[in-house]
**Q** 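Sharing a structure here in structure tokens format.
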Amino acid sequence: MQHLGFSHKKIKIGSFDFTCCEGCQLQLANHESTLPAFLDLLDIRNFREISSEKHDDYDIALVEGSITREDEIERLKTIRKNAKVLIAYGTCACFGGVNSLKNNFPIEETVREVYGNNSVDTLPVRRIGDVVKVDYSIPGCPVSKEEVERIIISVATGSMINLPKYPVCVECKQQLNTCLFDLGEICLGPITRAGCNAVCTTGKTVCLGCRGPADDINFESFLQLVADRQLSLDELDEKLGFYNCFEEFRHDKS
Amino acid sequence: MHFRVPGQDINREPFADNVPDFHYQSSLMQTDKGYKCRITNIVPLTEQEKLFQLRILDPDERNLFRFRPGQFLMLQVPGYGEVPISISSSTSNNEQVELCIRKAGHVTNVLFEAQKGAHVAIRGPFGSSFPMEEMMDRNVILVAGGLGIAPLRAPLFWINDHRDRYKDVHMLYGTKEPSQMLFTYQFEEWEKINHIDLHTIVEQGTPDWNGRTGMITKLFSEIDIDPENTHAIVCGPPVMFKFVCNYLDKQGIPMNRMFVSLERRMHCGMGKCCRCMVGSTFTCVDGPVFDYWSVMNLKEAI
Amino acid sequence: MTKVDCNIDVRHLTRVEGHGNIHITIQEGKLVDATWAVVETPRFFEMMVKGMSSERVPFLTSRICGICSISHSLASIRSLERAMAITVPPSAEKIRLLAMHGETLQSHALHLFFLAIPDFVNTPNVLPLIKSHPDIVQSGLRLKEAGNAISALTTGRFTHPVSLVLGGVSKAPEKGELAELRQRLERVLPDLDAARDFCATLSIPDFERETEFVSLHNGSTYPFIGGDLCSTDGVRKDENDYLAMTNEYKEEFTTSKFAKLSRQSFAAGALARFNNNHVFLHPKAKETASAFGLVPVNHNPFMNNIAQLVECYHIVHDAIALIDALIDDPLEELKAAWTPKAGKATGAVEAPRGILYHNMEVDDGGRVLKGDCIIPTTQNNANIHLDLSALARQALQEEKTDKEIQQLCEMLVRSYDPCISCSVH
Amino acid sequence: MIYKVIAKPEFEKFIDALVKENLSFGPRQVDTDTKGQPIYQFKEVSSATDIAFDYTTTYSSAKHFLMPFRENLSHFSYTDGDWEQEITYEVKPIVLIGLRPCDISAINILDSVLLNGHFPSPYYLARRKNTFIIGMDHLPLPDCFCKSLNHHTVTSGFNLFCSDIGDSYYVSINSSKAYNYLKEFEVQDPTYDDDCKLIERRKLIKQSFKTDVEVTGLPSFLDIEFDSPIWTKWGDKCLNCGTCAMVCPTCYCYNMEDRPDVDLQGSSRQKQLYSCNLVDFAEVAGGHNFRPKNGDRLKYRYYHHYLGFAENANQPICVGCNRCGRACLADINPKDVINDLRMEKESCMICISESPDKT
Ligand SMILES: Cc1cc2nc3c(=O)[nH]c(=O)nc-3n(C[C@H](O)[C@H](O)[C@H](O)COP(=O)(O)OP(=O)(O)OC[C@H]3O[C@@H](n4cnc5c(N)ncnc54)[C@H](O)[C@@H]3O)c2cc1C
Ligand code: SF4
Ligand code: SF4
Ligand code: SF4
């Protein structure tokens, strides 16, 4: 930002994954046309997926995945100690994500079902924010590279930007989609935070709410509209639980 | 047969490369173009506020930029955004524009990092102004709360420039704490040279504060008001101007002789983004300066 | 110079998806131990799908892996469709195959250019290459971008497809966009040649260990979605018989399971597909294979990289043909209407890293009773493990240094392009 | 205005010729809803057969062709220690086919807001000047109420307007461009018969309206009813989702954002159409929200639409297409809200005047 009399420094960055599909990290390598410019902003200190070099001095730690094992807690705490800013990215990190579905079953049963009599080390799924302090969250399953790019740039240029406060319907309408409720489906768009450009509904599948609740949502009215249309409340509940993003609202209801 | 609808390149129209003149509004087309400025000086006032002195680089544009007390401009910080800021300097100062800015968010934070010599841009001036001519030959009470002093400086400078045309001028200024008091370095000049009757107060004193403490309305006990002959200009948070104006109303000053400056979210300054609506009035075009009667009549104003 | 003692311990191998460790112990010049251990945290997908309505399942299973989400999604879809006897409209089949091509292309490009090549030119990552070999990096980026563009157009986005649904696809690409994509694919053809020429300059380690190669086989095309299961040792089974093909077992030192067929281990992936199906490759791909001296059955695991390059040729050409077919297709019927029905079946697809099985059992309401999923890397684990001992032994004989041995071993594992994060279980 | 009559097959030929050479958009069916009703949108068309001439109304309006949902207003390029702001108004000419009278009225309203005010918008002007509009009349849907706002007919704002008079279209030609194009085709001067048919058609349309919204005196009602409980009642239903504003042909409020380029060598200033129903519409730095409740925001949208804003031409900007009502998931629509407001008023007048029981 030479024109304002200061220049940006390369951001020392580390990217770390916990229990997840690593799809969010993969997004960092997408958007090929701007990729070299994007990498040029960064001083990658620790990023196992793409580099063999490892250092512990990073300003920003991008943390992906949820916490499901004892050793992960320790590793995460160390990362928190090293990092000035910790950004949870991806729905798993921010909300637990699909991993949380396993919390629906008792742990012993789960382990027995999948691993038989072999013992495995596993804990109920926790979000990053349940274990350490999170400075910023970038939700999404997977995160949108444009949004990550924007946020990283805003860190580099010294101005933290916010996520949209409005729900997915805004972007969905801007894509000129047919509302899926008109096609008889239950879509979580009206209560989910925008920022994904309504990819799912644009692909004509319902929003499952991977970005979590928008600001100040009207959950009552949303439940009412599902009921008014005689759509299945069980299905609604399955959708609300899919990414574990609407826990507080589901509990309020019951 | 020619069926290709011919394109019309409006870039070639004369307005497309004219210098935008925000006064001569009907021919204005470069609505997003600002006047480029250099920040010539930055004066730290408190932890939260700094005074920025800006000089428009292009002489033609500098000549175009004339404003009236109470108007504001849109300050563009390329790469960060645009914010409405009251013009806090004298209308007779054609060389520089002064802005007193509080660190409040995204754009203002980065302004606090900016260095002397930095290049920003301004669009404007926009909005209504205080009717200074109307107040001539009368008493004026200026009441400022906190950052409300920023838009009050322009009318104050105006009065100082035309001091002989105004009768008694009182200035009441209150902040939360002594450390938040702005422009203290000018107090003496205002009092001694400009004969402004200045009264200050803080809500919460500190051990080294030996002035008054309390709400700003307390200061009214120190001045005599001649309701027939007085105009008031009030700037500050809505709760404050509500109390002040109600008090002045009780003293008998008609509501249309009290002026306040409203603040709303703004993205254009031109009555287009509609973010600054109060009821069905644009703060950016019809305001920010309103007389108190209009404010009382605006739905959702306070 | 004889090696006396050496301890190689690579924890969380870099430049691979997921978490795996290499451990090699050499005492008095003898190899004592060489292990490959996957230490991915368990996620219990088989449990998560329980009770879920089948519509939602592909969206869940795609989250098994961020790189091959389309494969996982399609494997689930295929198994559920077979279980409930849903017939998919032909247009949707074409779109799905195109989607697979997109994923394979981007995955291969990512692996070759970002993860594998740095080993061959001795850099810790791809960043120095951006400076030293800008052209080849740009070619790689363009190929990857083209793959992503295919995925985005056919499934709605790069990762975690949105429009692949039970019964077909929920949305068809626009014709104009297809035409644009076609042009884009034409434009990356020179990039393929550039990649080929660059790879020709790399020295591929000379190492072989005889093993069995398992892949899909349908007798008419280079296989991606469904078909018989076959191996280079002559095994041939029905898709539903996947358990007889994998024979999973557990080893102490790893959380992931191992698999075997006719021998102690087998391999899946690009090389396995090539070894079983090379006759169905596009002529351009065949030409490239012979240029590298790649002839079936090839037993050098490092050649998997080359097999991937060969497949890229095939994919780009086949994708262009598919796009032409789609442009001519009215694209009217995209999704079959279906009603839930009890059943159980397997869906096998060729994920970029090898054959992938999903098996689902559903009740008459379409809810999943039981799900199973076997990923390519599980199938490759035993092979990697055995390759490691053989490679370490050979390297000892060639009197390589510790560092060289470690690097060779890491390269070996990376050649398999293991996708350990596919931690399903 | 010049009037001509053109047979439908000939008209299709004309459209074909126009569409083949220009980037054109027209109504196309995109879906069928659960009630079996077709859903239309303005989409790119490449031949006359792509166009659903007999469509009812599109789900979203055509405003985004003139005012994109997201638009770059300017770009800053940084050069050591300085920057240059570049503004261009480059747009490709487009053809819009099949706009309804209310859609065209809506564009006329946008014109008065964005072109005739104190600060005309060059971005809008560039698009407006490069848009060729062919309008078409239609029979109203049961919930259309444009007649109540007098927008069921339109006399300006288009290049060509077609009224369906059976086998032909009665076309009003409003631009020399359109006149020149039509010269190449077989068109007749309207006969007396044609004129009668047109009048019949207009009558039919006028009589077909099933929904009427009483708007007389609405501005003063709105002013008086500022604190009415009905705002809370409807506000409690509102999802704050912004759908109404997105599909509305006249909603034009926006948000601004600076987006730095990834290489940090510049940035673009972007405008995004916004909605006054979104939570942070009136939120300022520090978190104070001037309209914190759903009801406050919903009310404000009705104010803007039915009171009109002084700076923006001082007229109601709603054209009565009921797109917002159809799209709203919470079943909020202008008719019900306004009727509710009136009822509220009327019922309390009844209280005061103690009108006798109707027995
Ligand atoms: C007429 C007028 C005069 C003003 N004069 C001054 C002044 O002299 N000194 C001063 O420090 N501040 C003044 N303000 C307030 C100043 O505009 C806000 O503090 C500033 O916009 C905050 O921007 P931000 O980007 O730092 O905050 P963020 O919270 O990041 O805001 C994001 C965007 O929202 C808009 N916005 C947020 N808050 C406000 C607000 N209060 N008013 C208008 N737009 C807002 C802006 O477009 C801003 O860029 C004035 C406001 C108005 C309306
Ligand atoms: S499809 Fe979903 S996101 Fe889109 S408008 Fe409808 S409810 Fe909102
Ligand atoms: S539409 Fe919904 S589920 Fe899809 S990416 Fe956006 S927030 Fe996530
Ligand atoms: S407010 Fe509703 S009815 Fe009125 S113009 Fe907008 S969408 Fe149409």
Side-chain angles (χ1 to χ4, degrees), chain A residues 1-5 7-8 31 33-41 146 149-150 152-154 156-157 159 161-162 164-185 187 189-191 194 204 214-222 224-226 228-229, chain D residues 30-35 37 39-43 58-60 64 68-70 76 78-83 235-247 255 257-265 267 272-275 277-281 283 289 292-294 326-331:
Chain A
M1 299 301 106
Q2 288 287 304
H3 61 278
L4 293 176
S7 50
H8 72 274
H31 235 235
S33 52
T34 57
L35 189 59
F38 180 66
L39 291 176
D40 208 41
L41 293 177
E146 284 95 333
E149 236 170 36
R150 246 188 351 266
I152 298 290
I153 289 172
S154 73
T157 58
S159 73
I161 58 163
N162 296 320
K165 294 185 176 172
Y166 48 81
V168 174
C169 292
V170 173
E171 291 173 346
C172 184
K173 287 277 136 5
Q174 296 188 340
Q175 300 278 342
L176 304 182
N177 296 331
T178 302
C179 178
L180 291 161
F181 276 100
D182 286 339
L183 303 180
E185 301 201 50
C187 175
I191 52 173
K204 255 196 174 177
D215 275 31
D216 206 7
I217 60 173
N218 193 342
F219 196 71
E220 291 287 299
S221 173
F222 182 69
Q224 190 60 43
L225 91 91
V226 173
D228 285 351
R229 278 154 208 260
Chain D
V30 290
D31 273 306
T32 308
D33 73 8
T34 42
K35 295 184 203 106
Q37 297 298 317
I39 296 175
Y40 300 97
Q41 291 280 21
F42 291 113
K43 289 242 157 182
T58 52
Y59 190 89
S60 298
H64 60 278
F69 289 116
R70 201 174 257 287
F76 293 91
Y78 308 157
T79 42
D80 42 18
D82 200 359
W83 46 260
D236 283 348
K237 284 162 77 93
C238 177
L239 291 157
N240 307 324
C241 71
T243 292
C244 48
M246 295 302 141
V247 299
N255 196 39
E257 237 176 4
D258 270 34
R259 293 218 164 157
D261 299 346
V262 179
D263 58 8
L264 297 187
Q265 294 308 303
S267 66
Q272 182 198 10
L273 290 192
Y274 223 62
S275 161
N277 290 87
L278 305 182
V279 280
D280 60 345
F281 187 81
E283 195 178 280
N289 194 338
K293 295 205 285 291
N294 298 4
R326 255 171 251 136
C328 179
L329 290 170
D331 269 338

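Proteins come first, then strands; the chains are lettered A, B, ... in the order of their sequence lines, and each starts at number 1.
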**Q** Can you find a pair of side-chain heavy atoms, one from D/L239 and one from A/P167, that are under 4.5 Å apart?
**A** no
**Q** Given a strict heavy-atom distance threshold of 4.5 Å, which part of A/N177 is in contact with chain D: side chain, backbone, both, or neither?
**A** backbone
**Q** Quick check for you: among A/L183, A/L4, A/L41, which has the greatest number of heavy-atom pairs under 4.5 Å with chain D?
**A** A/L183
**Q** Is a donor on one side and an acceptor on the other found under 3.5 Å between the side chain of D/N240 and the backbone of A/I217?
**A** no
**Q** Atom CG in D/L264, atom CZ in A/F38: separation rounded to 0.5 Å?
**A** 11.0 Å
**Q** So, for D/K237 and A/S221, which heavy atoms are closest and what is the spacing to 0.1 Å?
**A** O-OG, 2.5 Å
**Q** Assess whether side-chain contact (heavy atoms from CB on, under 4.5 Å) is satisfied between A/L176 and D/V30, documenting all intermediate values.
**A** CA-CA 10 Å; A/L176 304 182; D/V30 290; over 6 Å; no
**Q** With rounding to the nearest 0.5 angstrom, report the CD to CZ distance, A/Q175 to D/F69.
**A** 9.5 Å
**Q** Measuring heavy-atom distances to chain A, does D/E283 have an atom under 4.5 Å in its side chain, in its backbone, in both, or in neither?
**A** side chain
**Q** Please give me the minimum heavy-atom distance between A/P190 and D/L329, naming the atom from each residue.
**A** CG-CD1, 3.7 Å
**Q** Are side-chain heavy atoms of D/R259 and A/R150 found at a separation under 4.5 Å?
**A** yes
**Q** Quick check for you: to the nearest 0.5 Å, what is the distance between D/T34 atom OG1 and A/E185 atom CD?
**A** 10.5 Å
**Q** Under a 4.5 Å heavy-atom cut-off, does chain A meet the side chain of D/S267, its backbone, both or neither?
**A** neither
**Q** Kindly indicate, with the supporting measurements, whether the criterion side-chain contact (heavy atoms from CB on, under 4.5 Å) is fulfilled by A/V170 and D/M246.
**A** CA-CA 7 Å; A/V170 173; D/M246 295 302 141; 3.7 Å; yes
**Q** For A/T157, is it the side chain, the backbone, both, or neither that has a heavy atom closer than 4.5 Å to a heavy atom of chain D?
**A** side chain
**Q** Can you tell me which portion of D/I39 sits under 4.5 Å from chain A's heavy atoms? Options are side chain, backbone, both or neither.
**A** side chain
**Q** Using non-hydrogen atoms only, which part of D/V262 is less than 4.5 Å away from chain A: side chain, backbone, both, or neither?
**A** both
**Q** Enter the distance from A/I153:CD1 to D/D261:CG here, rounded to the nearest 0.5 Å.
**A** 8.0 Å
**Q** Assess whether atom CD of D/Q265 is packed by more than 12 heavy atoms of other residues, nucleotides or ligands within 6.0 Å.
**A** yes
**Q** Checking D/Y274 against chain A: side chain, backbone, both or neither under 4.5 Å from a heavy atom?
**A** side chain
**Q** Who pairs with D/A327 by side chain to side chain contact (heavy atoms under 4.5 Å, CB included), at least two apart in sequence or on another chain?
**A** D/Y59, D/T243, D/V247
**Q** Which atoms of A/Q174 come close to chain D, meaning under 4.5 Å heavy atom to heavy atom: side chain ones, backbone ones, both, or neither?
**A** both
**Q** What's the separation between atom CD in A/Q224 and atom CG in D/D331, rounded to the nearest 0.5 Å?
**A** 10.0 Å
**Q** Using heavy-atom distances under 4.5 Å, tell me whether D/Q37 contacts chain A through its side chain, its backbone, both, or neither.
**A** neither
**Q** Sort A/D182 into side chain, backbone, both or neither according to what part of it lies under 4.5 angstrom from a heavy atom of chain D.
**A** both
**Q** Can you name the residues that form a salt bridge (charged side-chain N to carboxylate O under 4.0 Å, His left out) with A/D215, not counting sequence neighbours?
**A** A/R193
**Q** Ignoring hydrogens, what is the shortest heavy-atom contact between D/D31 and A/K204? Give both atom names and the distance.
**A** OD1-NZ, 2.6 Å
**Q** Nearest 0.5 Å please: distance from the CG atom of D/N277 over to the OH atom of A/Y166.
**A** 14.5 Å
